[in-house]
2 protein chains.
Amino acid sequence: MKHKFKPLDRAPVYVKVCNAIEEDILSGVLKEGVLLPTEAELCAQFGVTRSSVREGIRLLQQSGLVERGAAKRLVVKSPKASEIAETASRSMALGGATFGEVFETLAMLYPEAARIAARRLSDEALGALCDVRDGLRDAPPGAADEIVDYAVEFFQQLASGLDNRVMLAMLQSLNLMIGASLQLVIDQTPNAHERILNAQSEIIEALKNHDEARARAWMTKHIEDLRRGYVVAKVNLDARIL
Amino acid sequence: MKHKFKPLDRAPVYVKVCNAIEEDILSGVLKEGVLLPTEAELCAQFGVTRSSVREGIRLLQQSGLVERGAAKRLVVKSPKASEIAETASRSMALGGATFGEVFETLAMLYPEAARIAARRLSDEALGALCDVRDGLRDAPPGAADEIVDYAVEFFQQLASGLDNRVMLAMLQSLNLMIGASLQLVIDQTPNAHERILNAQSEIIEALKNHDEARARAWMTKHIEDLRRGYVVAKVNLDARIL
DNA sequence: TATATTAGGATTGTCGGACAACATATTTAT
DNA sequence: ATAAATATGTTGTCCGACAATCCTAATATA
């Protein structure tokens, strides 16, 4: 009988280093906040040189599992929703996503998010939304950048209030993708200030009364309003986001 | 008058290398598929050593912007939706997302996705869905793993058919997060086969007739059905996904 | 001539050692 | 006892070297 050999593991050492550490993090042996051994010690334990260890560390670092903490020592980190959102949105930008795609997704997600929010948003979360709204109300007229900030912050707070990290990550990545471009739009849209303010107020009111349908409807309206802004500003919806 | 100095850029060299290359990719100077210079040449151009260049490359590599291609040369790559989904779902798993969170997000997204699909799914996409359904119909009874595959594949095809990369990435990451765990559930749910099959058929029918409301309703039902499976199988919805 | 083989060169993967920069811990001086 | 100076440990960067691998081109063979 012919003996069968398993295929050899021919991955580069630095990849193996990365995997080895990652595995221990994933399996819970290394918990969040734990300090990893120094590079020298890792070399000794793995039996490889510092160059390889360091390259492996870079891989872990970029995937958000590890971080340089106090004394520059390596610390185990569990990825936060905001970081996931950031890398996801960056990747999608690089992947060539368009304004149209982002907006359609926005229009799909946020009305539902508003509906869920109407069902269970906490009082603090509602308070945070009111704060944003008030900030927007008191913003000086003509300050487009401030308006944008408040508009995005409103989405942000709503997403945070849902108390669901998966949703949060997704909604946040959308926020990041439109955030920058909203500037252009609001600059060129008359009444943007009042219309956004009005939409926010209506949404807050609906949330307060746990009126799911109304929260959903106004969020839909709000987003459609923003989208129209893009059209008015002659932003090509097929253009890639940056 | 006191002169103000800008804060010096004290980032490590390998980070700068990473940023420099990333910038050129982002700005379109380096397009997808282009071969990057060899390590030696990069050293010469940046005026740093190979160790630093290599560490920088690892960072780019893990963020999916660069890849080893033929002859092991580095090639510029633009992240695909599927990869974005993969890293996102992995990160969320590590970040401690729970079944409950994933399911709630699923229940929020997919009904809307079905509604949009009813509006504009192409005939090919519909055909692909039918193929999945037929595959499931003809699956041998009791083959839980096959049933799971078809169930996930149905979601997958629906997402692909939407022709929106942003949505696709988000829906796919959800698919990845539940995919593995569905196995457990379907193993222990009687009638799972028929119920899933029925739901798929109803959804397909609704899509064919461009009946948005019905597509949405059946998708909601379908997901709720799956969720009940988790409860029946006594999977703790607060448990972290793996 | 066309194909298979071989030799050569280019490039990456890994190693070892070295030193400066920086942060922490320890000792010394006030 | 507090502050300053020193010692120690760790990371960041450099250099040089060599084996493994892949590509290319020259060579041999049919």
Side-chain angles (χ1 to χ4, degrees), chain A residues 5-25 29-77, chain B residues 5-25 29-77:
Chain A
F5 289 102
K6 285 179 188 171
L8 297 174
D9 182 7
R10 284 159 45 85
V13 175
Y14 60 83
V15 173
K16 291 184 187 169
V17 169
C18 171
N19 289 338
I21 299 176
E22 176 179 304
E23 199 173 308
D24 272 9
I25 295 178
V29 178
L30 291 170
K31 294 189 211 310
E32 167 151 30
V34 170
L35 267 74
L36 272 96
T38 65
E39 294 179 356
E41 190 150 339
L42 288 174
C43 298
Q45 293 186 18
F46 288 123
V48 298
T49 49
R50 212 155 72 97
S51 318
S52 303
V53 167
R54 283 177 66 82
E55 291 187 35
I57 288 173
R58 297 297 158 254
L59 293 177
L60 287 172
Q61 199 169 305
Q62 193 67 9
S63 52
L65 286 175
V66 124
E67 198 182 29
R68 289 263 177 235
K72 300 200 171 183
R73 289 286 298 274
L74 285 172
V75 204
V76 175
K77 196 183 65 162
Chain B
F5 288 103
K6 285 178 188 170
L8 297 175
D9 181 7
R10 285 161 46 83
V13 175
Y14 60 84
V15 173
K16 290 185 188 170
V17 169
C18 171
N19 289 338
I21 299 176
E22 175 180 305
E23 201 172 308
D24 273 8
I25 295 178
V29 178
L30 291 170
K31 293 189 211 313
E32 168 150 30
V34 170
L35 266 75
L36 282 153
T38 66
E39 294 179 358
E41 191 150 338
L42 288 174
C43 298
Q45 292 185 20
F46 287 124
V48 300
T49 50
R50 236 181 96 210
S51 318
S52 304
V53 167
R54 283 176 65 83
E55 290 186 34
I57 288 173
R58 298 296 158 255
L59 294 177
L60 287 172
Q61 199 168 307
Q62 193 68 7
S63 54
L65 285 174
V66 124
E67 195 182 33
R68 289 264 177 232
K72 299 200 170 183
R73 290 286 299 274
L74 287 171
V75 207
V76 175
K77 198 183 65 164

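Note: hydrogens, waters and symmetry copies are ignored here, and every other heavy atom, side chains too, is used. Every chain is numbered from 1, with letters handed out A, B, ... down the list of sequences.
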Between [atom2] of [N] and [atom1] of [X], the distance in whole Å:
X	N	atom1	atom2	result
B:R73	C:dA10	CZ	P	13 Å
B:R68	C:dA10	CZ	C1'	14 Å
A:R58	D:dT11	CZ	P	10 Å
A:R54	D:dG12	CZ	P	5 Å
A:L42	D:dT11	CG	C1'	13 Å
A:L35	D:dG9	CG	C1'	14 Å
B:E41	C:dT11	CD	C1'	12 Å
B:L74	C:dG13	CG	C1'	13 Å

Q. OP1 or OP2 of C:dC15 less than 4.0 angstrom from a side-chain nitrogen or oxygen of A:S52, does that happen here?
A.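 Indeed, a polar side-chain atom of A:S52 lies that close.
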(Q) D:dT13, OP1 or OP2 - any side-chain N/O from B:Y14 closer than 4.0 Å? (A)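 So the side chain of B:Y14 is outside the cut-off, no N or O lying under 4.0 Å from OP1 or OP2 of D:dT13.
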Q: Quick one: label A:T38 by what it contacts on the DNA or RNA (base, sugar-phosphate, nothing), any heavy atom closer than 4.0 Å.
A: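 A:T38: backbone/sugar contact only, no base atoms under 4.0 Å.
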Q. 5'-most contact on DNA chain D: A:E39 or A:S51, nearest heavy atom basis?
A.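 By nearest-heavy-atom nucleotide position, the 5'-most residue is A:E39.
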Report all interatomic pairs (protein N or O, nucleotide N or O of nucleotides 18-21 of chain D) with separations under 3.5 Å.
from: D:dT21; atom 1: OP1; to: A:R10; atom 2: NH1; distance (Å): 2.9

Q. Are any side-chain N or O atoms of B:R50 and backbone N or O atoms of B:A40, one a donor and one an acceptor, separated by less than 3.5 Å?
A.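 No, because the side chain of B:R50 does not come within donor-acceptor range (under 3.5 Å) of the backbone of B:A40.
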Q: Let me see the working for B:R73 and B:L36 under side chain to side chain contact (heavy atoms under 4.5 Å, CB included), right down to the final yes or no.
A: CA-CA 7 Å; B:R73 290 286 299 274; B:L36 282 153; over 6 Å; no
Q. How do A:V48 and B:A40 order along DNA chain C: which one's closest nucleotide is nearer the 5' end?
A.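 So the residue in question is B:A40.
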Q | 4.5 Å side-chain heavy-atom contact, A:Q62 and B:R58 | A |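 A:Q62 vs B:R58: side chains apart.
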Q | Close side-chain approach of B:K16 to B:V48, heavy-atom, < 4.5 Å | A |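 Result no, sub-4.5 Å side-chain heavy-atom pair not found.
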Q | B:E23 atom CD: more than 12 heavy-atom contacts under 6.0 Å | A |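 Result for CD/B:E23: open.
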**Q.** A:E39 with A:R68: basic N within carboxylate O range, under 4.0 Å
**A.**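 Looking at A:R68 together with A:E39, the answer is yes, because their closest N to O distance falls below 4.0 Å.
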Q.
Applying side chain to side chain contact (heavy atoms under 4.5 Å, CB included) to A:V76 and A:K31, what does each step give before you reach the verdict?
A. CA-CA 7 Å; A:V76 175; A:K31 294 189 211 310; over 6 Å; no
